[in-house]
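Right, one structure below, let's go through it.
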Amino acid sequence: MNKDRISDLPDALLLQILSSLPTENAIATSVLSKRWRSLWTMLPKLKFDCDFNPVLDDNNIDPHMFSENVYRSLSLHKAPVLESLHLSFEGRTDCSDVGIWIATAFARCVRKLVLDSFYQEDQTVTLPSVLFSYNDTLEILKLKCAIDLEFPSRVCLKSLRKLYLYQVHFKDEDSVSNLLCGCPSLEDLVVHRYSNADVATFTIAAPSLQRLTIEDLRQEGGYGNGGYVINAPALKYLNINGFIDIESCLIDKALELVEAKISNVSDIANENILESLTSAKRLILHLSPLEIKVPTGKSFDQLVCLELLTHEREWWNLLSIMLDSSPKLQILKLTDFYLRDNKTNPDERKWNPPKCAPECLLFHLETFVWIGYEWQRGDEKEVATYILENARRLKKVTFSTKRIEGEKLEKLEKRREMLNELASVLWDSNSCHLVFEST
């Protein structure tokens, strides 16, 4: 007779094994033997998905049955601290059921709560605001999709450090304010939303906030084009994507800003995005100077690392402005992720280099990387030559070009000649390591 060796393992190891299973499967082990009957109740992390039934393999579970299963499981749970609770449920789920889940989780001192409500017949769940009036244990909160948020008064989530809002719907601007202002320890905020789907102006006022990511998924209809106001004086990392054809984006300057990434931004009626980033040390700009206001002068006097996309319209003019505006720049990276052959006609692209060699080239630039360098284009060669001729402190230069098939010998030879030409214009070829790659 085979001995049940797994059951002889210590509880800590068995719990680790159960933690790797879907919670429903972990609960099902309670029928194995008396040894397993209540073991799952000590699991520190629970995840319930209304689309998952380990017994019936049925993805059409009745929401009331699912609610009862979740409540029963939470009632039986005995771990001293519930580290994480993840609930995935339909938008037609009764709000009172969701309220019971949240209240039970808060009573168990849950530290991470994930509520993922998917749309079912366009129905949504409104979270009971009273449950958020006071909590001092929740550290991470993720809310996703078919969830309506209405906070008529300020919440109190004293320990909340990370907040993720994925396509949730706020009733009004006060609800946004009452949520964010009630999180005094908030450090990370991620927002994915349609700018014109709920509130007209989405205001983020968070004195403790250090990391902010906003992705706008703008759709037709809603409440006009919408806008953003950001007041986060302690902000260190900012990521903005998809601000296209909105009314405004006004950002209070963050003096402690370390890094910012701005992508797909254009046609904003009133904005000060780049002007607010002048304290940044690292900037990644995937945008065109034709579509955003660019400050001039030595504005970016703390900037040491800059990345630009070379398939954006008139990117070379943005490069000129940034070189002149960044006296301490040490690392410059130019990138074309797409390696397209259909870039704008060279005759239409006219680069006006700085009249005088920028201070960063003369005294500070040490690393220059160009990924997707189009060696056949005279305009890109002009930019590369200018930088190599004027950057006197370069230590490493990397050019990555599109791979050429081995049988195209004539093209390979022309590329080799081009690379030799670039090597010949280096200010100091003895102290600079020049690298050529193919991708």
Side-chain angles (χ1 to χ4, degrees), residues 67 85 87 89-107 109-119 122-209 212 214 216 221-232 247-248 250 252:
S67 297
L85 176 61
L87 297 167
F89 52 94
E90 296 181 356
R92 58 177 176 165
T93 303
D94 194 289
C95 295
S96 61
D97 289 338
V98 179
I100 292 173
W101 302 339
I102 297 174
T104 305
F106 283 178
C109 301
V110 65
R111 292 175 180 169
K112 178 180 178 180
L113 178 61
V114 180
L115 301 177
D116 183 356
S117 176
F118 54 89
Y119 286 96
D122 293 329
Q123 292 180 307
T124 60
V125 170
T126 300
L127 299 189
S129 60
V130 65
L131 295 176
F132 296 88
S133 59
Y134 183 82
N135 179 281
D136 61 357
T137 61
L138 188 65
E139 298 179 7
I140 301 173
L141 177 60
K142 291 186 178 183
L143 305 177
K144 186 174 182 180
C145 289
I147 294 177
D148 290 338
L149 299 176
E150 179 181 356
F151 298 109
S153 58
R154 183 177 295 191
V155 307
C156 183
L157 301 174
K158 294 183 65 175
S159 301
L160 193 71
R161 297 182 296 105
K162 298 181 179 181
L163 176 61
Y164 302 82
L165 303 172
Y166 296 116
Q167 302 176 47
V168 297
H169 186 277
F170 284 91
K171 181 188 179 185
D172 49 34
E173 295 179 10
D174 285 343
S175 293
V176 179
S177 175
N178 286 331
L179 173 60
L180 297 181
C181 291
C183 305
S185 303
L186 188 64
E187 297 177 355
D188 291 13
L189 174 61
V190 177
V191 178
H192 290 190
R193 65 183 294 267
Y194 296 102
S195 63
N196 55 359
D198 48 11
V199 300
T201 301
F202 195 91
T203 300
I204 297 171
S208 61
L209 192 64
L212 173 61
I214 308 178
D216 195 295
Y223 293 82
N225 294 336
Y228 294 87
V229 173
I230 300 172
N231 180 4
E247 288 294 329
S248 62
L250 300 176
D252 286 355

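Values below: every heavy atom of this structure, side chains too, minus hydrogens, waters and symmetry copies.
Under a 3.5 Å cut-off, the side chain of Thr93 and the backbone N or O of Phe89 do not form any donor-acceptor pair. Checked by atom type and distance alone, the side chain of Ser185 pairs as donor or acceptor with a backbone atom of Lys158 at under 3.5 Å. Under the 3.5 Å distance criterion, the side-chain polar atoms of Ser208 are matched with a main-chain donor or acceptor of Leu186.
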Checklist entry - Passes side chain to side chain contact (heavy atoms under 4.5 Å, CB included), Val190 versus His192? Steps please. => result CA-CA 7 Å; Val190 177; His192 290 190; 3.9 Å; yes
Item to check | side chain to side chain contact (heavy atoms under 4.5 Å, CB included) between Tyr134 and Phe106, intermediate numbers included | outcome: CA-CA 10 Å; Tyr134 183 82; Phe106 283 178; over 6 Å; no
Next on the checklist: Run Leu179 and Phe170 through side chain to side chain contact (heavy atoms under 4.5 Å, CB included) and show every step you take.
Outcome noted: CA-CA 10 Å; Leu179 173 60; Phe170 284 91; 3.9 Å; yes
Item to check | Verdict with reasoning, Asp198 to Arg193, per salt bridge (charged side-chain N to carboxylate O under 4.0 Å, His left out) | outcome: CA-CA 9 Å; Asp198 48 11; Arg193 65 183 294 267; 2.7 Å; yes
Next on the checklist: Would Leu113 and Leu138 count as a side chain to side chain contact (heavy atoms under 4.5 Å, CB included) here? Give the steps.
Outcome noted: CA-CA 7 Å; Leu113 178 61; Leu138 188 65; 3.8 Å; yes
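The two residues Phe132 and Val155 make their nearest non-hydrogen contact at O-CB, 3.2 Å. Here the closest non-hydrogen pair linking His169 and Ala197 is NE2-O, 3.4 Å. The minimum heavy-atom distance between Ser133 and Cys156, with the atom names listed, is O-CB, 3.0 Å. Heavy atoms only, all atoms of each residue included: Cys95 and Pro128 are closest at O-CG, 4.2 Å.
Once rounded to the nearest 0.5 Å, the distance linking CG of Leu141 with CZ of Arg161 reads 12.5 Å. If you take CG on Leu149 and CG on Asn178, they are separated by 11.5 Å, rounding to the nearest 0.5 Å. Atom-to-atom distance recorded for Leu157:CG and Leu163:CG is 8.5 Å, nearest 0.5 angstrom. Taking OG from Ser117 and OH from Tyr166, the interatomic distance works out to 16.0 Å, rounded to the nearest 0.5 Å. Atoms OH and CD1, from Tyr228 and Ile204 in turn, are 8.0 Å apart once rounded to the nearest 0.5 Å. Remark: Cys181 SG to Phe151 CZ distance equals 12.5 Å, nearest 0.5 Å.
With Ile230 as reference, Leu212 is the one residue of Leu212, Asp252, Leu209 to meet the side chain to side chain contact (heavy atoms under 4.5 Å, CB included) rule. Ile147 pairs in a side chain to side chain contact (heavy atoms under 4.5 Å, CB included) with only one of the listed residues (Leu115, Asp116, Thr126), which is Leu115.
At a cut-off of 3.5 Å, with distance as the only test, no side-chain donor of Ser159 or Asp136 sits close to an acceptor on the other residue. With no hydrogens or angles considered, no side-chain donor-acceptor pair links Asp188 and Tyr164 at under 3.5 Å. A donor-acceptor pair shorter than 3.5 Å can be found between the side chains of Asp172 and Ser175.
Residues satisfying the salt bridge (Lys or Arg N to Asp or Glu O under 4.0 Å) test with Arg111, not counting sequence neighbours, are none. Residues passing the salt bridge (Lys or Arg N to Asp or Glu O under 4.0 Å) test with Glu173, sequence neighbours excluded: none.
In this structure, Val176 and Val199 have side chains that are in contact, with non-hydrogen atoms separated by less than 4.5 Å. Contact check for Ile102 versus Leu127: side-chain heavy atoms found under the 4.5 Å cut-off.
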